[in-house]
Amino acid sequence: MQTGFFIFNGIRRNTHTRLQFPGTLELMQSKVNFMRSLWAIGLVLLLGSAQAAVTDVTLDNGMRVIVHEDRRAPVMVSQVWYRAGSMDEFNGTTGVAHVLEHMMFKGTKNVPPGEFSKRIAAAGGRENAFTSRDYTAYFQQMQKDRLALSMELEADRMANLVVSDELFAKEIQVVMEERRLRTDDQPQSVLYERLMATALQAHPYRRPIIGWMDDLQNMTAQDARDWYARWYAPNNAVLVVAGDVRADEVIALAKQHFGALPARALPERKPQTEPAQIGVKRIVVKAPAQLPYLLMAWHAPTLKDWEQDTAPYALQILAGVLSGNDSARLQSSLVKTQQIAVNASAGYDAIARGPGMFMIDATPAKGKSVTALEKAIRKELERVQREGISEAELARVKAQVIAADVYQRDSLFYQAMQLGDYVTAGLPPAALAGRVGKLRAVTAAEVQVAARQWLQDDWLSVAELDPQPLDAQPARASVPGVRHAH
Amino acid sequence: MLINAPAIKALSIQSSAIKTMLIKPFLVALLLVLPLSAQATLVIQHWQTPQGARVFFVESHELPMLDVAVDFAAGSARDPAGKAGLAQLTHGLLDQGAGGLSDTAIAHRLADVGAVLSGRFDRDRAGVTLRTLSSASEKDKALELLARVLQRPDFPQAVVKREKQRLISSIREAEADPGTVASKAFYRALYGTHPYAHDTAGEPAALERLTRGDLQAFYRTHYSVPNVVISLMGDITRAEAEAIAVRLTAGLSQAPALPALLQPAPAAVSDTRIAHPSTQSHVRVGALGMARNAPDFFPLFVGNYVLGGGGFDSRLMREIRDKRGYAYSVYSYFQPMSEAGPFQLGLQTKLEQTDDALKVVQETLRQFIADGPSEAELTQAKSNLTGGFPLRIDSNRKILDYLSLIGFYNLPLDYLDTWVEQVDAVDVAAVKQAFARRIDPDQLVTVVVGTGDAR
């Protein structure tokens with residue numbers, strides 16, 4: 001629907017590494033907007049909007065309301081973010097956050113099934129929702145004078161959802177189809193999923209957002225109801241409105257529609273800290289494909305104290321130096337000069353509730369092995385660790401950061417998305433506004449230090465796609481769900 | 001690089017057309033209220049450079065940036081016989097060495113000023129877009145690089161060789177994706193010997209044979225002033241826009257405008273089954289649709305909202321997903337192109353329910369063609385489309401895309417101004433007539449990828 005937000009997806013072709021969407025328009029658009037480079041993750045998130053007027057208040061019931069005024073066009077986007085994503089799930093019911101997101105369109109005590117979408121559509125709106133590891137968010141884009149409708153409907157489904165057994169039984173089938181489409185039949189997605197489950201052993205980020213197929217097959221309507229009862233409360237929600245609106249009017253509307261909903265005690269969230277990795281991990285995934293593929297992931301920090309932390313900023317610059325333009329280091333060395341890869345990129349996302357990963361992915365050129373490719377990548381990283389980066393490279397990445405900060409103002413949706421992403425990760429809007437300044441302050445020496453500190457072999461996990469013939473019949477019992485499907 | 005991700009690009013072409021369809025057009029009554037706030041209306045300025053290049057421009061100073069699109073009639077439908085992939089490869093090579101600057105120098109100089117050079121490529125068009133800051137120094141450097149890659153591509157021998165291999169690899173990599181396999185097969189079945197039939201990325205065997213001379217020749221005959229449309233959106237004045245247009249076309253050849261493509265002949269009914277080791281089958285059903293300038297564009301566009309273009313409002317979504325849980329994604333769309341583009345319905349579903357899902361799709365289509373939409377459905381469609389018009393032009397990027405579209409397909413300059421009126425004017429009878437005229441439910445092309453029983 002809205003161009004751009006699939007940029008958050010991370011690894012190329014894994015259109016759901018961070019987000020799951022319930023609709024179909026997005027599916028098509030995911031291809032449109034697909035950014036091959038992992039660097040894109042960094043770029044998007046670095047777009048603070050310095051000149052934006054952001055209002056940030058908390059209602060008496062604990063619901064947070066953030067308003068970003070932007071009068072370029074007579075439209076607005078309204079998003080409700082719940083701080084409940086796949087990381088809050090338990091084994092046995094993985095995927096329930098995303099399943100509930102689907103059920104949120106299936107009717108309440110007051111609004112019959114299908115009616116929510118119908119009313120938004122009739123008002124000329126576009127709407128959808130997305131689930132990530134950290135949150136579940138719902139949005140409407142409409143003409144500016146239709147905000148009340150969106151709030152009325154969102155407030156209603158925050159409190160009055162009805163999850164019927166009958167509609168659940170249909171929708172869980174839809175979600176399983178979604179999993180087949182996005183993961184099971186996409187070898188690089190399977191590789192990503194298995195790599196995450198390997199790199200992390202304790203932290204819930206190890207589980208796929210969409211859930212393991214076996215958990216989906218055994219999920220019940222009651223699991224979805226329990227999830228809703230646990231997390232869907234005003235004091236676990238953030239309303240972000242951006243567009244041609246007035247903050248005071250938005251806040252008044254929010255009080256009117258959401259203000260009466262009572263706060264509820266939220267379950268305790270355990271840290272589930274990942275124990276330090278103590279040696280490289282390697283996996284091989286065999287799947288039908290024509291080409292091999294390599295994915296490498298190092299544990300990395302995420303931004304917690306935006307004013308004091310330095311490594312998350314330095315790692316973003318590093319990702320830019322490695323693959324921020326068509327002739328950045330990985331591209332220039334591996335693809336153009338050595339011609340050992342047909343593609344290579346690096347990515348790092350500093351904004352998350354949980355731990356981070358610095359990742360590199362690459363496809364070997366014809367006749368080149370994954371082993372040789374990995375070796376060449378390591379050489380590039382060692383070069384950064386040993387010699388650092390040049391001032392020219394640093395300046396180049398910073399120029400891109402500064403320009404991107406202007407460009408992102410062309411998309412209202414992005415701007416709202418960034419605010420929600422930061423705030424649900426526990427960061428203040430000031431961290432977004434201050435981001436460009438922090439990135440501009442990064443030195444070449446800090447980048448070198450970060451590369452040395454974080455890109456260590458003992459913290460590395462490597463996954464290799466071992467391509468199997470496409471003309472063989474489905475011999476993929478190793479992919480959950482395939483067995484069941486037969 | 002323009003050819004950054006050929007496989008993904010191959011996918012995105014089709015989808016960008018979908019987006020074009022879903023998101024396309026717009027309106028007028030609202031213009032007083034909607035466009036960028038600094039302007040009372042969205043004023044599209046149009047002229048020709050002294051050389052004869054057509055230019056479309058919207059001036060907007062709200063953001064300190066400039067978007068430029070330069071489009072040529074040099075899409076894959078222009079591939080010469082036996083050279084499928086030449087158009088894509090030529091397009092991808094533009095920024096891989098130009099005017100004596102290496103690929104690396106070009107990429108670095110662009111990044112140094114924060115500029116973003118991108119390519120877009122489909123069956124009709126080969127385009128280059130530039131986004132830059134509008135501050136003088138950055139803008140000037142970025143435009144210099146854009147002019148250089150458009151006017152003086154070097155096609156270095158070694159780079160041609162490298163990029164051929166990358167393009168072939170991307171084609172191979174995409175063969176694992178059942179959706180891509182289905183799309184390619186659908187176009188082949190629908191278009192037969194017409195130049196729309198082959199995939200935009202071309203064929204590996206043909207690519208292997210291409211030479212630097214092929215690229216140079218293709219470039220000379222297609223990347224010429226009579227074949228170009230320039231679109232500009234953003235923080236520059238009219239005088240500056242005129243100067244930029246001249247600068248961008250100064251070094252282009254005057255090779256004559258390309259002749260229109262042949263009209264595709266209606267496809268015979270067919271049913272193609274392709275084995276694939278996937279857990280789902282990917283189903284495509286369709287027929288020839290409409291050309292971009294078709295007189296019944298709006299009845300088909302609005303009608304398709306009801307059939308399969310309107311998300312949760314659409315019949316296909318209701319029948320396939322809501323009622324039966326058969327698929328996550330199910331849709332229909334017309335993709336208007338220079339000549340008749342496809343009308344296509346699609347879904348993905350687990351293997352064992354493929355035939356059931358296919359039957360529901362066929363029946364839904366048959367019924368829609370027989371009865372048309374109900375009054376209530378049509379009202380809902382029009383209400384969404386007209387009410388959502390402001391969202392279609394709420395950013396510089398979206399407006400730039402409309403300028404390109406209007407320019408490339410010779411749509412009227414007031415296309416956006418009359419869009420809402422045109423949507424509002426559609427009635428049930430018009431939809432019914434247009435669909436009945438265009439789509440014969442007994443003459444469909446069907447492709448299913450993922451079954452075991454290949455035919």
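The chains referred to below are lettered A, B, ... by the order of the sequence lines, with proteins before strands, and numbering in each begins at 1. Atoms considered below: every heavy atom in the structure, side chains included; atoms not considered: hydrogens, waters and symmetry mates.
Under the 4.5 Å side-chain criterion, counting only non-hydrogen atoms from C-beta, B:Gln96 is in contact with A:Asp326. Side-chain contact check for A:Gln173 versus B:Arg324: every heavy-atom pair is 4.5 Å or farther apart. Considering only heavy atoms from C-beta on, A:Leu291 comes within 4.5 Å of B:Ser169 through its side chain. Contact of the A:Gln290 side chain with the B:Glu173 side chain is not registered, since no non-hydrogen atoms from C-beta on lie closer than 4.5 Å. In this structure, A:Glu171 and B:Arg321 have side chains that are in contact, with non-hydrogen atoms separated by less than 4.5 Å.
Scanning for side chain to side chain contact (heavy atoms under 4.5 Å, CB included) contacts around B:Gln380 gives A:Lys118, A:Ala121, A:Ala122, B:Asp313, with sequence neighbours left out. Applying the salt bridge (Lys or Arg N to Asp or Glu O under 4.0 Å) criterion to A:Arg146, with sequence neighbours excluded, gives no partner residue.
Contact annotation for B:Lys323: only backbone heavy atoms (N, CA, C, O) come within less than 4.5 Å of a heavy atom of chain A. Heavy-atom distances place no part of B:Arg318 under 4.5 Å from chain A, backbone and side chain included. In this structure, no portion of A:Lys398 lies under 4.5 Å from any heavy atom of chain B. Using a 4.5 Å cut-off between heavy atoms, B:Pro64 touches chain A through backbone and side chain atoms alike. For A:Val335, the parts sitting under 4.5 Å from any heavy atom of chain B are the backbone and the side chain alike. Looking at B:Ala327, only its backbone comes within 4.5 Å of chain A, counting heavy atoms on both sides.
Nearest heavy-atom pair, A:Asp185 versus B:Pro178, reported as atom, atom and distance to 0.1 Å: O-CD, 3.9 Å. Closest heavy-atom contact between A:Ala289 and B:Ala176: CA-CB, 3.8 Å.
Among B:Thr132, B:Ile320, B:Asp322, B:Val113, the residue making the largest number of heavy-atom pairs under 4.5 Å with chain A is B:Thr132. Among B:Ala111, B:Ser102, B:Ser135, the residue making the largest number of heavy-atom pairs under 4.5 Å with chain A is B:Ala111. Of all the listed residues (B:Arg131, B:Glu175, B:Met65, B:Arg172), the one sharing the greatest number of non-hydrogen pairs under 4.5 Å with chain A is B:Arg131.
Taking 4.0 Å as the cut-off between side-chain N and carboxylate O, B:Asp394 and A:Lys144 do not count as a salt-bridged pair. Ion pairing between a basic and an acidic side chain is recognised when a charged N comes within 4.0 Å of a carboxylate O; B:Arg397 and A:Asp410 show no such pairing.
A:Gln143 places no side-chain N or O within donor-acceptor distance of the main-chain N or O of B:Pro390, the cut-off being under 3.5 Å.
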Item to complete: Before giving the answer on side chain to side chain contact (heavy atoms under 4.5 Å, CB included), spell out for A:Asp70 and B:Glu62 the whole-Å C-alpha distance, their side-chain angles and the decisive distance to 0.1 Å.
Response: CA-CA 11 Å; A:Asp70 180 334; B:Glu62 295 193 78; over 6 Å; no
Discussion item. Side chain to side chain contact (heavy atoms under 4.5 Å, CB included), that's the test. Do A:Val406 and B:Leu133 meet it? Break it down for me.
Written reply: CA-CA 8 Å; A:Val406 172; B:Leu133 298 173; 3.8 Å; yes
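Below 30°, between 30° and 60°, or above 60°: for B:Tyr328 and A:His102 the angle between ring planes is between 30° and 60°, a tilted geometry.
No hydrogens or angles considered: nothing links the side chains of B:Gln348 and A:Glu177 as a donor-acceptor pair under 3.5 Å.
Considering B:Arg162, B:Arg166, B:Gln165, B:Glu163 in turn, B:Arg166 is the only one that fulfils the side chain to side chain contact (heavy atoms under 4.5 Å, CB included) rule with A:Val342.
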